[in-house]
*Asks:* 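Here's a structure for you.
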Amino acid sequence: MRATSCFLLALFAATGASAEPFAYVPNEKSASVSVIDTASDTVVRQFPVGERPRGIAGGTGRLYLTDGKSNSLLIVDSAAGKLERRVKVGDSPEGVSLSADGKLLAVAVEDDNVVALLSAPAAKELARIKVLGKNPEHAVFSPDSRWLYVSAEDAEQVDVIDVAARRQVGSIPVGLRPRGIGFLPDGSRAYVACELADKVYAIDVASHKVLAEIPAGKYPNGVAIHPDGKRVYISNGRDGSVMAIDVASNTVTGTVAVGKRPWNMAITPDGGKLYVANGRSNSVSVIDTGRFEKTGDIAVGELPWGVSIR
């Protein structure tokens with residue numbers, strides 16, 4: 001039986017038995033995606049893709065990945081693990097975000113200092129939006145798709161793009177080297193991890209102003225938001241840990257050790273499990289969010305960049 005057919009049977013069996021989603025992990029150095037069944041926390045397949053896959057977003061039946069070497073956005077059939085097409089987006093694309101309605105894609109293009117706005121799933125370019133901050137790493141849609149918040153890796157600001165107007169309308173001063181960004185489900189706040197400041201900044205979205213500065217571990221970078229909007233999770237790269245922030249008080253309530261150089265993360269739709277890509281351990285750590293304990297580590301490819309759960 002062909003490998004793709006075997007995978008589809010395994011996928012059908014897993015989803016039919018447990019209705020659990022899958023976690024997709026782009027491995028930058030090994031140019032592959034590892035597929036984790038979140039019911040069993042095992043890798044059910046690993047398929048080659050691109051040359052240097054980094055950012056990842058999941059839509060209906062598709063994965064969208066940035067490829068740092070070919071300067072492209074890759075559109076992949078998520079069930080078959082097959083590349084459908086490759087779209088040039090500019091020099092050194094990194095983070096990619098899909099709007100809540102699944103109609104728009106935003107790609108942070110570092111060396112061009114732009115955010116590429118594309119249609120989904122066709123990936124037709126709609127605009128190239130210049131940003132003032134240097135080296136944009138993540139460009140993340142607000143839940144209502146009105147705003148894009150863009151982390152400027154080599155600056156101390158988050159750039160704000162009005163999606164309808166297709167232009168930057170402001171910047172929010174934060175700490176040095178902002179990385180991951182996450183919005184609360186109701187869109188009222190965004191949380192930004194600033195790596196060299198060792199802080200997380202809570203931003204009021206209505207005013208685009210900082211509400212709180214929260215001390216973090218060493219080199220905070222990844223951000224994940226619990227679906228109930230009550231907790232925010234931050235990965236601390238140098239510490240090899242993930243911490244939980246209580247949204248009501250903007251204080252850290254706990255810390256869990258994970259692998260080496262934890263990077264970007266994703267949480268299951270029910271909020272029960274958090275998956276953390278450990279870049280230097282070539283693994284994904286699984287955290288039970290209820291107990292806030294690590295339940296295991298899953299071996300993946302080389303230099304995992306992040307996780308998308310569908």
*Asks:* Could you measure the distance from the CG atom of Leu104 to the CG atom of Leu126? Nearest 0.5 Å is fine.
*Replies:* 6.5 Å
*Asks:* Output all residues satisfying side chain to side chain contact (heavy atoms under 4.5 Å, CB included) with Val252, sequence neighbours left out; order by chain, then residue number.
*Replies:* Ile214, Met243, Ile245, Thr255
*Asks:* Taking the side chain as every heavy atom from C-beta outward, state whether His226 and Ile267 have any atom pair closer than 4.5 Å.
*Replies:* yes
*Asks:* For side-chain contact (heavy atoms from CB on, under 4.5 Å), just list the numbers for Leu117 and Leu105, CA-CA rounded to whole Å, side-chain angles, deciding distance to a tenth of an Å, and then say yes or no.
*Replies:* CA-CA 6 Å; Leu117 189 67; Leu105 290 159; over 6 Å; no
*Asks:* Determine yes or no for a side-chain-to-main-chain donor-acceptor pair under 3.5 angstrom, with Ser241 supplying the side chain and Ala257 the backbone.
*Replies:* no
*Asks:* Judged by modelled atom types alone, do Gln168 and Asp159 share a side-chain donor-acceptor pair under 3.5 Å?
*Replies:* yes
*Asks:* Restricting to pairs with a member in residues 93-104, which pass side chain to side chain donor-acceptor pair (under 3.5 Å), not counting sequence neighbours?
*Replies:* Glu94-Trp305, Ser99-Asp101
*Asks:* If only atom types and distance count, is the side chain of Ser151 paired as donor or acceptor with the main-chain N or O of His138 below 3.5 Å?
*Replies:* yes
*Asks:* Taking Arg52 first and then Glu302, would you say they form a salt bridge - that is, a charged N and a carboxylate O separated by under 4.0 Å?
*Replies:* no
*Asks:* Looking just at side-chain N and O atoms, do Ser72 and Asp67 make a donor-acceptor pair shorter than 3.5 Å?
*Replies:* no
*Asks:* Would you check if there is a donor-acceptor pair between the side chains of Thr42 and Asp37 at a distance under 3.5 Å?
*Replies:* no
*Asks:* Could you walk me through whether Lys130 and Asp112 pass the salt bridge (Lys or Arg N to Asp or Glu O under 4.0 Å) test, one step at a time?
*Replies:* CA-CA 8 Å; Lys130 277 283 185 184; Asp112 291 348; over 6 Å; no
*Asks:* Can you give me the closest heavy-atom contact between Pro227 and Pro269, atom names plus distance?
*Replies:* CG-O, 3.4 Å
*Asks:* Is there a donor-acceptor pair closer than 3.5 Å between any side-chain N or O of Asn27 and the backbone N or O of Gly301?
*Replies:* yes
*Asks:* Sequence neighbours left out, what passes side chain to side chain contact (heavy atoms under 4.5 Å, CB included) with Glu153? Give chain and number order.
*Replies:* Glu110, Asn135, Glu137, Arg177, Arg179
*Asks:* Taking side chain to side chain contact (heavy atoms under 4.5 Å, CB included) as the test, write out the residues that go with Lys230, two or more places apart.
*Replies:* Asp228
*Asks:* Please report the shortest heavy-atom distance between Leu83 and Ile75, naming the atom on each side.
*Replies:* CD1-O, 3.5 Å
*Asks:* Treating Asp204 as the side-chain partner and Ser207 as the backbone partner, does any N or O pair qualify as donor plus acceptor under 3.5 Å?
*Replies:* yes
*Asks:* Residues two or more places apart in sequence or in another chain: which of them pass side chain to side chain contact (heavy atoms under 4.5 Å, CB included) with Ser285?
*Replies:* Val258, Val276, Asn278, Lys294, Asp297
*Asks:* For Arg128, I'd like to know if atom CZ has over 12 heavy atoms of other residues, nucleotides or ligands within 6.0 Å.
*Replies:* yes
*Asks:* Crowded around Arg238 CZ? As in, over 12 foreign heavy atoms under 6.0 Å?
*Replies:* no
*Asks:* Please find the pair of heavy atoms, one from Ser308 and one from Ala57, that lie closest to each other, and give the distance.
*Replies:* OG-C, 3.8 Å
*Asks:* Counting neighbours of CZ on Arg167 that are heavy atoms of other residues, nucleotides or ligands and sit closer than 6.0 Å, is the number greater than 12?
*Replies:* no
*Asks:* Closer than 3.5 angstrom, by distance alone: can the side chain of Thr289 be matched with the main-chain N or O of Gly271 as a donor-acceptor pair?
*Replies:* yes
*Asks:* What I'd like to find out is whether the side chain of Val114 reaches to under 4.5 Å of the side chain of Ile129, using heavy atoms alone.
*Replies:* no
*Asks:* Can you tell me if Arg45 uses its side chain to pair, donor with acceptor, with the backbone of Ala80 under 3.5 Å?
*Replies:* yes
*Asks:* Treating Lys273 as the side-chain partner and Thr38 as the backbone partner, does any N or O pair qualify as donor plus acceptor under 3.5 Å?
*Replies:* yes
*Asks:* Kindly give the heavy-atom pair with the smallest separation between Val307 and Ile56, and that separation in Å.
*Replies:* C-CG2, 4.1 Å
*Asks:* Please determine whether salt bridge (Lys or Arg N to Asp or Glu O under 4.0 Å) holds for the pair Lys199 and Glu156, giving the CA-CA distance in whole Å, both sets of side-chain angles, and the decisive distance to 0.1 Å.
*Replies:* CA-CA 12 Å; Lys199 290 181 180 179; Glu156 297 178 62; over 6 Å; no
*Asks:* Looking at Val160, Val210, Ile181, which hits side-chain contact (heavy atoms from CB on, under 4.5 Å) with Ile203?
*Replies:* Val210
*Asks:* How close do Arg54 and Ser92 get, counting heavy atoms only, and between which atoms?
*Replies:* NH2-OG, 3.0 Å
*Asks:* Among pairs that include at least one residue of residues 187-208, which meet ring-ring contact (aromatic ring centres under 6.0 Å, His included), considering only residues two or more places apart or in two chains?
*Replies:* Trp147-His208, Tyr149-His208
*Asks:* Crowded around Arg146 CZ? As in, over 12 foreign heavy atoms under 6.0 Å?
*Replies:* no
*Asks:* Which pair of non-hydrogen atoms, one from Gly81 and one from Val76, has the smallest distance, and what is that distance?
*Replies:* C-CG1, 4.1 Å
*Asks:* Looking at CG of Asp111 and CG of Asn71, how far apart are the two atoms once the value is rounded to the nearest 0.5 Å?
*Replies:* 8.0 Å
*Asks:* Whether the Asp246 and Thr251 side chains hold a donor-acceptor pair (N or O, under 3.5 Å, no angle test) is what I'd like checked.
*Replies:* no
*Asks:* Between the side chain of Ser281 and the main-chain N/O of Lys260, is any donor-acceptor distance below 3.5 Å?
*Replies:* yes
*Asks:* With distance as the sole test, does Ser188 use its side chain to make a donor-acceptor pair with the main-chain N or O of Asp186 at under 3.5 Å?
*Replies:* no
*Asks:* Given 3.5 Å as the limit, does a donor-acceptor pair link the side chain of Lys88 with the main chain of Ser70, or not?
*Replies:* yes
